[in-house]
Amino acid sequence: MIATASTERFWTEEPGSRPGRRKIRTRIGGLHCSLCTGTIEQALGRLPGVEKVAVSLTHEQALVEFDPDRADPARLIQTLRDIGYTISDPTRLRSFEEEERDLVREARRFVAAVCLSLASLALIARTGSAWGLALAALMFATLTGFVFIVLRPSGRLIASAVAAGLGILTMILFGLHATGALGSITPWITALFAIILVFAVARHIQVMAFQALRRGILNQHVLLEIGAFAGLAGGAIGLAINQPGYPTASFFAVATMVCTYHIFSEWLSLIVKTRSSQAVKRLLDLQPELARVVRDGAEIEIPASDVVIGDLARIRPGERIPVDGTVIDGRSAIDQALVTGEPLPVEKAVGDAVVGGAINGTGTLLVRVTAIGEESFLRRVIRQVEDARALKPGVLHLVDRLLRVYTPIVLAIATGALILWLLVPTLVIGHPLVDRAVFAALTVLVMGYPCAVGISAPLSIVRGAGEAADRGILMRTGEAFQTFRQVSHVVLDKTGTLTEGKPVLQAIRAVGRLDEASLLGLVAAVEAGSEHPLARAIVGAAFERELDLPAVAEFQATPGKGISARHHGAEVLVGSPTFLRESGIDLSPVEADIRTEQEAGRTVIVAAENGTLTGLLALGDRLKPDAADAINTLRAAGLNVIMLTGDNASAAKKIAASAGIETVIAEVLPQDKAAAIRDLQRNGKVAMVGDGINDAPALMQADVGIAMGSGTDIAIEAADIVIMRPELALLPQARVISVRSYRKMVQNVALAFCFNGVGIPLAATGLINPVWAMIAMAASVTLIFINSLHGRASLFLGAVGGVGAAPAMPI
């Protein structure tokens with residue numbers, strides 16, 4: 001069921017996990033860190049009737065279970081809007097253009113904040129000071145670079161002109177201040193800059209902080225606004241008392257810079273999420289938008305959403321099947337590899353069931369529709385993926401757990417410092433030290449703002465993502481960087497993952513007067529006119545061996561069974577063992593071979609000439625060339641490698657043995673794969689590698705889902721890591737990158753907390769100017785940048801430089 005507030009839908013609604021309960025799912029925009037997810041969970045969890053709230057930061061989705069008698073979905077959605085987040089349809093991935101607009105808007109907001117902050121710093125620099133001159137040069141370089149990057153989509157000439165203009169304007173402003181030309185109006189100019197930034201450029205932060213406070217939630221937005229308003233208040237006091245030596249301009253500059261660092265953190269977070277998601281296509285692309293149905297004797301084309309149960313749908317050769325149904329007329333080989341994972345086409349005739357998303361072969365089918373909407377196969381799988389996505393537990397780093405109590409602690413220390421510097425001097429010398437009290441409280445807030453902590457993890461992700469991309473690995477989520485290094489089980493699907501996912505000639509046995517080459521040439525000549533995938537595989541094998549195909553004539557196909565033809569006047573039969581038995585051919589010389597090949601999961605083609613058996617061919621899937629080496633590397637790293645497949649046990653075990661896999665879980669239905677992963681998770685973290693729609697729920701259930709880039713869109717969407725090239729050797733490489741990225745993340749977090757651990761107690765003394773506290777915070781951020789991107793600065797510059805550019809297509 002889809003619930004809407006207007007013609008646009010904002011959430012999906014469906015039955016809950018127990019009777020009398022409902023679930024809604026929605027996509028949330030504006031999430032930046034785990035504090036955001038905590039804010040949402042607290043805000044919704046306090047509403048009457050809400051029983052469970054799960055928010056996925058990396059997939060930007062929320063799943064809420066509630067009692068419909070006590071809670072209204074529209075109110076739940078409105079609460080999310082009130083907090084300051086945007087809401088959209090959870091079944092639709094945002095387009096590249098939409099994401100780029102957000103990224104460009106955030107980047108331009110950051111440029112505006114940088115301009116105001118650096119101009120404010122120029123105005124508080126001491127006249128003629130060397131550091132002020134250096135700051136002016138830094139402003140020119142920074143503004144030129146950032147404005148050029150952000151405005152580049154408008155044209156290089158315009159971007160260069162604007163960047164140069166802003167840099168020159170800032171230099172002029174600094175020069176006027178340095179010569180004393182601005183005089184007493186300097187504090188008023190810094191006040192204007194602070195007001196513009198706090199109340200205009202960063203107004204969205206105020207909204208989110210206000211809504212969080214309304215619900216008794218303390219998060220990073222609240223901490224930021226308290227720091228910004230403390231700076232404004234300190235500056236306002238200076239303007240009011242007009243006391244010589246009072247750092248009025250410094251207070252306003254601090255308010256400006258605090259907002260700038262938060263906007264920078266938001267921009268960086270958006271870059272990380274946007275750049276890691278734009279290689280993913282839409283979730284529902286497999287289901288055709290149109291269906292051809294027969295009504296009142298006429299064939300018409302209608303939207304697939306308008307098809308009803310009982311309709312007759314016509315599927316032509318090569319088309320993707322739009323609905324689930326039963327064949328009532330026609331016969332064809334259906335390619336279900338992308339839907340069910342079966343490597344070989346499946347013959348479908350009258351009475352057989354077909355599923356939406358499969359690709360029709362060379363025949364035309366008339367299908368009676370048996371399931372539509374949420375009850376169709378594709379929709380059921382998609383619903384399982386969405387449930388797993390929303391309920392998937394995020395991996396909370398140490399920094400995430402600490403940030404949940406960090407804000408209250410910083411606010412408590414700042415309040416304590418303010419009270420002490422007001423109370424103690426009053427008791428000792430008879431009057432409070434207002435400027436020292438405000439200095440102490442504001443400096444604690446500045447030192448304690450978790451900007452360095454907040455960007456420490458994203459920066460390590462940027463580095464790891466770029467390093468992975470260089471090798472053809474797409475790391476889609478931050479969890480993947482942490483969790484892949486911790487997995488103890490690696491589960492691999494068979495078809496399309498371990499194997500090539502297409503039929504190839506595996507064995508030939510000639511009987512009688514023909515040798516193997518002659519047998520293959522004769523069968524290829526008979527099959528040359530067929531478009532069936534098995535026929536193409538046989539013909540391809542003959543051409544690979546550079547065989548000359550004999551001349552044959554008088555072709556006659558028996559759908560689903562085989563082909564007859566004539567070669568030098570003799571009748572040649574090629575087809576299934578059943579077809580030849582029905583034609584009176586004695587297959588006793590190869591019966592044992594037929595059983596062996598079929599038990600191994602291969603398709604057997606038998607040939608006869610003039611009523612005499614000439615041999616058999618066996619076709620099946622083939623192990624990828626690098627599979628065995630990749631498995632050996634994973635096992636050498638101490639991982640338990642398992643095959644999980646829907647194929648029969650004997651075929652699965654044969655492939656597994658070739659790859660060096662000892663544990664096989666076979667004959668598992670698509671809907672049961674996620675349950676198999678849950679069983680394995682009782683004994684450690686699990687990584688699942690797959691490529692089909694049938695793998696999607698298991699990919700989401702696993703601690704780390706890994707999709708092959710040649711697989712289905714829905715499998716890729718469900719995964720945390722995408723292997724963009726068909727090379728299993730990239731699996732162990734991805735794990736090595738995960739280990740390195742996590743190590744870098746730990747280093748960043750340690751640096752950030754060391755800075756805060758030393759800086760906050762010093763700030764509480766009131767002996768540190770808030771401006772120097774801000775500079776120290778900037779230094780800590782810079783240090784984390786250097787540590788994160790050491791030797792790989794092009795990763796960040798490449799991500800930033802791509803803003804507004806056309807999307808690159810994956811290779």
Side-chain angles (χ1 to χ4, degrees), residues 117 120-121 124-126 129 131 135 218 220 222-224 226-235 237-238 245-262 265 398-399 402-403 405-429 432-456 747-787:
S117 292
S120 296
L121 284 178
I124 64 173
R126 292 182 181 274
S129 64
W131 78 269
L135 180 63
L218 296 177
Q220 80 277 27
V222 174
L223 183 60
L224 170 92
I226 291 176
F229 277 92
L232 292 175
I237 292 172
Y246 187 90
T248 303
S250 297
F251 278 121
F252 286 127
V254 168
T256 303
M257 292 182 67
V258 166
C259 291
T260 299
Y261 274 107
H262 184 83
S265 180
L398 173 63
V399 60
L402 291 177
L403 282 175
V405 297
Y406 183 85
T407 300
I409 291 175
V410 171
L411 290 176
I413 294 174
T415 303
L418 177 69
I419 293 173
L420 284 175
W421 281 106
L422 291 175
L423 183 61
V424 173
T426 301
L427 297 176
V428 176
I429 61 177
L433 298 178
V434 177
D435 56 343
R436 181 63 60 84
V438 176
F439 258 48
L442 183 55
T443 306
V444 168
L445 292 173
V446 171
M447 285 283 195
Y449 182 68
C451 178
V453 179
I455 68 170
S456 58
Q747 292 172 0
N748 287 347
V749 171
L751 288 171
F753 276 114
C754 282
F755 162 77
N756 288 349
V758 174
I760 291 176
L762 289 176
T765 64
L767 300 176
I768 301 177
N769 188 301
V771 173
W772 287 108
M774 182 59 68
I775 292 172
M777 190 178 86
S780 73
V781 172
T782 303
L783 183 60
I784 289 173
F785 255 106
I786 294 172
N787 183 60

Show the atom names and distances, to 0.1 Å, of all donor-acceptor pairs under 3.5 Å that link a side chain in residues 437-447 to residues at least two apart or in another chain.
from	atom 1	to	atom 2	distance (Å)
Thr443	OG1	Phe439	O	2.5
Thr443	OG1	Ile768	O	3.1

task: Could you list the residues that satisfy side-chain contact (heavy atoms from CB on, under 4.5 Å) with Ile429, not counting sequence neighbours?
output: Pro425, His431, Leu433
All side-chain contact (heavy atoms from CB on, under 4.5 Å) counterparts of Val424, not counting sequence neighbours: Leu420, Val428
message: If I take atom CG from residue Leu411 and atom CD1 from residue Ile226, how far apart are they, to the nearest 0.5 angstrom?
response: 4.5 Å
- prompt: Rounded to the nearest 0.5 Å, what separation is found between the CG atom of Leu422 and the OG1 atom of Thr426?
  reply: 6.5 Å
task: Could you tell me whether the side chain of Phe251 reaches within less than 4.5 Å of the side chain of Leu232, counting heavy atoms only?
output: no
- prompt: Counting distance only, does the side-chain N/O of Thr765 pair as donor-acceptor with the main-chain N or O of Pro761 below 3.5 Å?
  reply: no
- prompt: Among all residues two or more places apart in sequence or in another chain, which pass the side-chain hydrogen bond (donor to acceptor under 3.5 Å, both in side chains) test with Ser250?
  reply: none
